[in-house]
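The analysis underlying the following values was restricted to heavy atoms, covering all of them including side chains, and did not include hydrogens, waters or symmetry mates.
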Amino acid sequence: MNAYKNAGFKKVAIIRIDSREQASNEDYVRRIKYAHSVFFTGGDQKKLVSLLGDTPVLTEIKNKYHNDKNFIVAGTSAGAMSLPAHMIARGVIEEALLASDLEMNDGLGFIDGLIVDTHFVKRGRFGRLAHAVARTPGARIGIGLGEDAAMIITEGNEAKCVGSGMVIVIDGSDIGETIIATADDITPIAIENLKVHIVAEGCKYLIAEKKFVLSGSK
């Protein structure tokens with residue numbers, strides 16, 4: 001709680017949802033209606049989506065997100081991973097990419113066209129995010145968040161890096177040769193022509209234009 005208050009949020013409250021029934025709680029919906037920000041904590045992204053999907057609480061958060069330009073939706077760890085329309089539900093990290101190592105699910109649907117992975121550098125998740133990007137035609141941009149880094153995404157397009165850590169952006173829009181659509185569970189997957197950007201404090205990535213902007217550039 002103190003971390004949020006130190007960041008400038010004067011009134012901070014917790015909504016704990018352990019069932020879909022709680023996600024229909026009218027008091028929770030009312031609190032979100034008058035909130036300026038909602039932050040999804042970590043845990044299990046599959047459980048988070050299963051609890052909130054198509055509930056009054058999520059509907060109200062989305063209503064605020066799309067209609068209030070000052071409203072902020074944020075998350076950490078599993079909370080951040082669940083925010084896009086497409087989400088990594090499970091991903092095993094091995095020496096090779098195998099079709100059975102990755103499970104993709106629908107996310108909460110706040111933003112289209114990208115996939116988010118977290119604890120990215122520390123846990124060596126490059127292969128997992130590359131696999132997800134190559135496998136998901138509707139989300140050809142992957143954002144890998146380091147431990148002390150965040151991306152602030154404005155109007156679904158401009159993603160600005162903040163923090164002392166790094167963000168890795170994987171662009172799969174120009175993928176060439178790959179067997180990802182036909183590989184069985186024991187055949188290592190190869191992918192041609194992934195683009196990778198290392199994004200640091202103050203740098204931006206424009207999702208729609210697929211453009212990297214160096215810190216200080218206009």
Side-chain angles (χ1 to χ4, degrees), residues 4 7-9 36-42 45 48-49 61-62 64-88 91 104-175 193-218:
Y4 299 112
F9 294 94
H36 296 291
S37 178
V38 169
F39 186 92
F40 293 93
T41 59
Q45 60 268 29
L48 178 61
V49 172
I61 297 172
K62 286 187 173 181
K64 291 275 290 187
Y65 176 73
H66 290 294
N67 295 295
D68 183 348
K69 65 179 182 180
N70 296 313
F71 184 71
I72 300 170
V73 174
T76 186
S77 192
M81 292 178 67
S82 69
L83 294 180
H86 300 277
M87 174 187 77
I88 297 172
M104 298 294 297
N105 277 2
D106 291 338
L108 294 174
F110 286 97
I111 187 169
D112 294 320
L114 59 84
I115 298 167
V116 175
D117 207 348
T118 56
H119 311 294
F120 190 74
V121 178
K122 188 174 183 179
R123 298 186 186 179
R125 289 178 167 173
F126 180 89
R128 164 167 115 160
L129 185 56
H131 190 176
V133 166
R135 181 169 151 177
T136 313
R140 287 301 201 202
I141 301 297
I143 294 179
L145 301 173
E147 294 300 323
D148 189 30
M151 288 292 247
I152 300 174
I153 302 177
T154 305
E155 295 185 355
N157 185 41
E158 182 184 279
K160 182 178 180 180
C161 178
V162 296
S164 63
M166 74 172 83
V167 175
I168 305 297
V169 175
I170 300 177
D171 178 357
S173 57
D174 293 324
I175 288 175
N193 208 31
L194 286 172
K195 296 179 182 179
V196 178
H197 309 280
I198 298 176
V199 187
E201 172 84 40
C203 296
K204 299 176 183 178
Y205 187 79
L206 305 181
I207 296 166
E209 297 90 332
K210 299 177 178 59
K211 179 182 179 181
F212 173 86
V213 181
L214 193 64
S215 178
S217 300
K218 295 183 179 179

Between [atom1] of [X] and [atom2] of [Y], what distance do you get to the nearest 0.5 Å?
{"X": "Cys161", "Y": "Tyr205", "atom1": "SG", "atom2": "OH", "result": "14.5 Å"}
{"X": "Met87", "Y": "Leu108", "atom1": "CE", "atom2": "CG", "result": "7.5 Å"}
{"X": "Phe40", "Y": "Met81", "atom1": "CZ", "atom2": "CE", "result": "15.0 Å"}
{"X": "Ser37", "Y": "Ile61", "atom1": "OG", "atom2": "CD1", "result": "10.0 Å"}
{"X": "His197", "Y": "Met166", "atom1": "NE2", "atom2": "CE", "result": "15.0 Å"}
{"X": "Ser215", "Y": "Lys160", "atom1": "OG", "atom2": "NZ", "result": "7.5 Å"}

* Quick one: list whatever passes salt bridge (charged side-chain N to carboxylate O under 4.0 Å, His left out) with Arg140, sequence neighbours left out. =>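 None.
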* Under the side-chain hydrogen bond (donor to acceptor under 3.5 Å, both in side chains) test, residues paired with Asp174 that sit two or more places apart ->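 Partners of Asp174 under the side-chain hydrogen bond (donor to acceptor under 3.5 Å, both in side chains) test: Lys195.
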* Asked: Any donor and acceptor pair, going by atom type alone, linking the side chain of Glu147 with main-chain N or O of Gly165 inside 3.5 Å?
  ->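 The answer is no, because no donor-acceptor pair under 3.5 Å joins these two groups.
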* Can you tell me if Glu201 uses its side chain to pair, donor with acceptor, with the backbone of Gly163 under 3.5 Å? ->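 Side chain of Glu201 to backbone of Gly163, a donor-acceptor pair under 3.5 Å: yes, one is there.
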* Can you list the steps and then say if Asn193 with Ile175 is a side chain to side chain contact (heavy atoms under 4.5 Å, CB included)? -> CA-CA 5 Å; Asn193 208 31; Ile175 288 175; 5.8 Å; no
* **Option passing side-chain contact (heavy atoms from CB on, under 4.5 Å) with Ile168 (candidates Leu129, Ile198, Ile143, Leu145)** =>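 Of all the options given, the one that passes is Ile198.
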* Leu83 and its side-chain contact (heavy atoms from CB on, under 4.5 Å) partner, picked from Leu114, Val73, Val116 ->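 With Leu83 as partner, side-chain contact (heavy atoms from CB on, under 4.5 Å) holds for just one option, Val73.
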Search all heavy atoms of [X] against all heavy atoms of [Y] and return the closest pair with its distance.
{"X": "Val121", "Y": "Gly146", "answer": "CG2-CA, 4.4 Å"}
{"X": "Leu194", "Y": "Ala130", "answer": "CD1-CB, 3.7 Å"}
{"X": "Gly75", "Y": "Ala80", "answer": "O-CB, 3.5 Å"}
{"X": "Phe71", "Y": "Tyr65", "answer": "CD2-N, 3.5 Å"}
{"X": "Ser82", "Y": "Leu48", "answer": "OG-CD2, 3.1 Å"}
{"X": "Gly91", "Y": "Ile88", "answer": "N-CG2, 4.3 Å"}

* Pairs involving residues 148-157, ordered by first then second residue, that meet side-chain hydrogen bond (donor to acceptor under 3.5 Å, both in side chains) (sequence neighbours left out) ->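 Non-adjacent pairs meeting side-chain hydrogen bond (donor to acceptor under 3.5 Å, both in side chains): Asp148-Ser164, Asn157-Glu209.
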* Decide yes or no on side chain to side chain contact (heavy atoms under 4.5 Å, CB included) for Asp106 and Val49, but give the supporting numbers first. => CA-CA 8 Å; Asp106 291 338; Val49 172; 5.6 Å; no
Does the side chain of [X] reach to within under 4.5 Å of the side chain of [Y], using non-hydrogen atoms?
{"X": "Ile207", "Y": "Ile153", "value": "yes"}
{"X": "Phe39", "Y": "Ile72", "value": "no"}
{"X": "Thr136", "Y": "Ile115", "value": "yes"}
{"X": "Phe126", "Y": "Ile170", "value": "yes"}

* side chain to side chain contact (heavy atoms under 4.5 Å, CB included) between Lys64 and Val38, intermediate numbers included -> CA-CA 10 Å; Lys64 291 275 290 187; Val38 169; over 6 Å; no
* Between Arg125 and Asp117, is there a salt bridge with N-O shorter than 4.0 Å? ->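 Salt bridge flag = yes for Arg125 with Asp117.
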* Tell me, with the steps shown, if Thr76 and Thr118 meet side chain to side chain contact (heavy atoms under 4.5 Å, CB included). => CA-CA 8 Å; Thr76 186; Thr118 56; over 6 Å; no
